[in-house]
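Encoded as structure tokens, the structure appears first; notes follow it.
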Amino acid sequence: TIKKVGRVIEIEKISDTIAVKKVMSVAKQNNKQISKPDAEYMVTRVGVDLSLILNELDKLIAFVDTREIITKKDIDEICIQSLESKIFDLIKSICSKKIDIAIKQYHNMITNKEPQVLMLYMIARQYMMMYEAVLLDKKGYFTTQEIYKAYTSALFTNIPSRNICTIIEAANPNKVG
């Protein structure tokens with residue numbers, strides 16, 4: 001077995017917080033600045049695969065060239081978008097009743113040969129999260145922050161918390177608190 005001739009090392013997925021810190025650290029090492037909100041946006045857009053994040057950050061650093069500051073606009077222009085981020089944008093468009101945009105987003109994913117079964121699963125998962133947010137609202141959690149706290153508690157540890165508030169706000173913009 002492998003254990004007899006070598007060793008097994010389990011590498012866990014990094015957290016969003018660590019990924020954001022890494023983005024800011026690497027940018028600083030390259031004499032660039034990126035605000036924390038923009039670093040968070042980059043991680044949300046690209047995903048938490050450190051190798052991918054570092055590749056995208058290298059592209060950004062080369063793109064901004066002599067400029068010191070990396071902006072959200074730069075990220076939108078240069079960085080790839082993860083499937084999860086694309087699905088999230090699709091759901092946001094649907095919830096905002098921007099059907100023409102939602103159809104274009106869906107068509108682009110199909111054209112780019114995104115796995116349709118995975119897309120369906122991720123869409124269903126996002127709707128389940130919205131449904132759970134409605135249930136939390138009915139249980140007396142009145143603000144987005146309270147619902148977010150409930151999601152980040154032990155009850156919902158398997159749900160990517162960075163999307164919860166934006167989903168709730170898209171589903172019910174009058175509930176933002």
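I103 and I110 are assigned to two separate hydrophobic clusters, defined by single-linkage of ILVMFWY side chains at heavy-atom distances under 4.5 Å. Note on I91 and I101: separate hydrophobic clusters, where clusters join Ile, Leu, Val, Met, Phe, Trp and Tyr whose side-chain heavy atoms are under 4.5 Å apart, directly or indirectly. The hydrophobic clustering, which links ILVMFWY residues whose side-chain heavy atoms are closer than 4.5 Å, places I80 and V26 together. Hydrophobic clustering of Ile, Leu, Val, Met, Phe, Trp and Tyr side chains at less than 4.5 Å, counting indirect connections, unites F63 with M24. Following chains of ILVMFWY side-chain contacts shorter than 4.5 Å, one cannot reach L120 starting from L90, and the two form parts of different hydrophobic clusters.
For the atom pair CD1 (I87) and OH (Y106), the distance works out to 9.0 Å, reported to the nearest 0.5 Å. Distance CD/Q105 to CD1/I99: 10.5 Å, rounded to 0.5 Å. To the nearest 0.5 Å, atom OH of residue Y127 and atom SG of residue C95 are 5.0 Å apart. Note that CG of L60 and CG of N55 are 11.5 Å apart. Values are rounded to the nearest 0.5 Å. The distance from the CG atom of N30 to the CD1 atom of I61 is 3.5 Å, given to the nearest 0.5 Å. With values rounded to the nearest 0.5 angstrom, R45 atom CZ is found 10.5 Å from I78 atom CD1.
Counting all heavy atoms, side chain and backbone alike, V48 lies closest to A19 at CG1-CB, 4.5 Å. Here the closest heavy-atom approach between residue S51 and residue D49 is recorded as N-OD1, 3.0 Å.
Applying the side-chain contact (heavy atoms from CB on, under 4.5 Å) rule to K86 yields the partners Q81, M109, N112, E114; only residues at least two apart in sequence or on another chain are considered.
The shortest side-chain heavy-atom distance between I123 and I94 does not fall under the 4.5 Å cut-off. Residues K73 and E77 meet the side-chain proximity criterion, which asks for heavy atoms closer than 4.5 Å. Side-chain contact between M42 and L57 is present, with heavy atoms from C-beta onward closer than 4.5 Å.
Side chains of T71 and D74: a donor on one and an acceptor on the other come within 3.5 Å.
Panel note: side chain T111, backbone H107; a donor-acceptor pair is recorded below 3.5 Å.
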Let me see the working for E56 and I75 under side-chain contact (heavy atoms from CB on, under 4.5 Å), right down to the final yes or no.
CA-CA 9 Å; E56 295 303 305; I75 295 166; over 6 Å; no

Let me see the working for D16 and E40 under side-chain contact (heavy atoms from CB on, under 4.5 Å), right down to the final yes or no.
CA-CA 8 Å; D16 290 4; E40 289 170 345; over 6 Å; no

Go through the steps for V23 and I53 under the test side-chain contact (heavy atoms from CB on, under 4.5 Å), then give the verdict.
CA-CA 8 Å; V23 166; I53 288 172; 3.4 Å; yes

Which is it for I69 and V64 under the side-chain contact (heavy atoms from CB on, under 4.5 Å) test, yes or no, and what are the steps along the way?
CA-CA 8 Å; I69 298 174; V64 297; over 6 Å; no

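Annotation: K59, atom NZ; neighbour count of heavy atoms from other residues, nucleotides and ligands within 6.0 Å is above 12. K32 NZ: more than 12 foreign heavy atoms inside a 6.0 Å radius. Annotation: Y121, atom OH; neighbour count of heavy atoms from other residues, nucleotides and ligands within 6.0 Å does not exceed 12.
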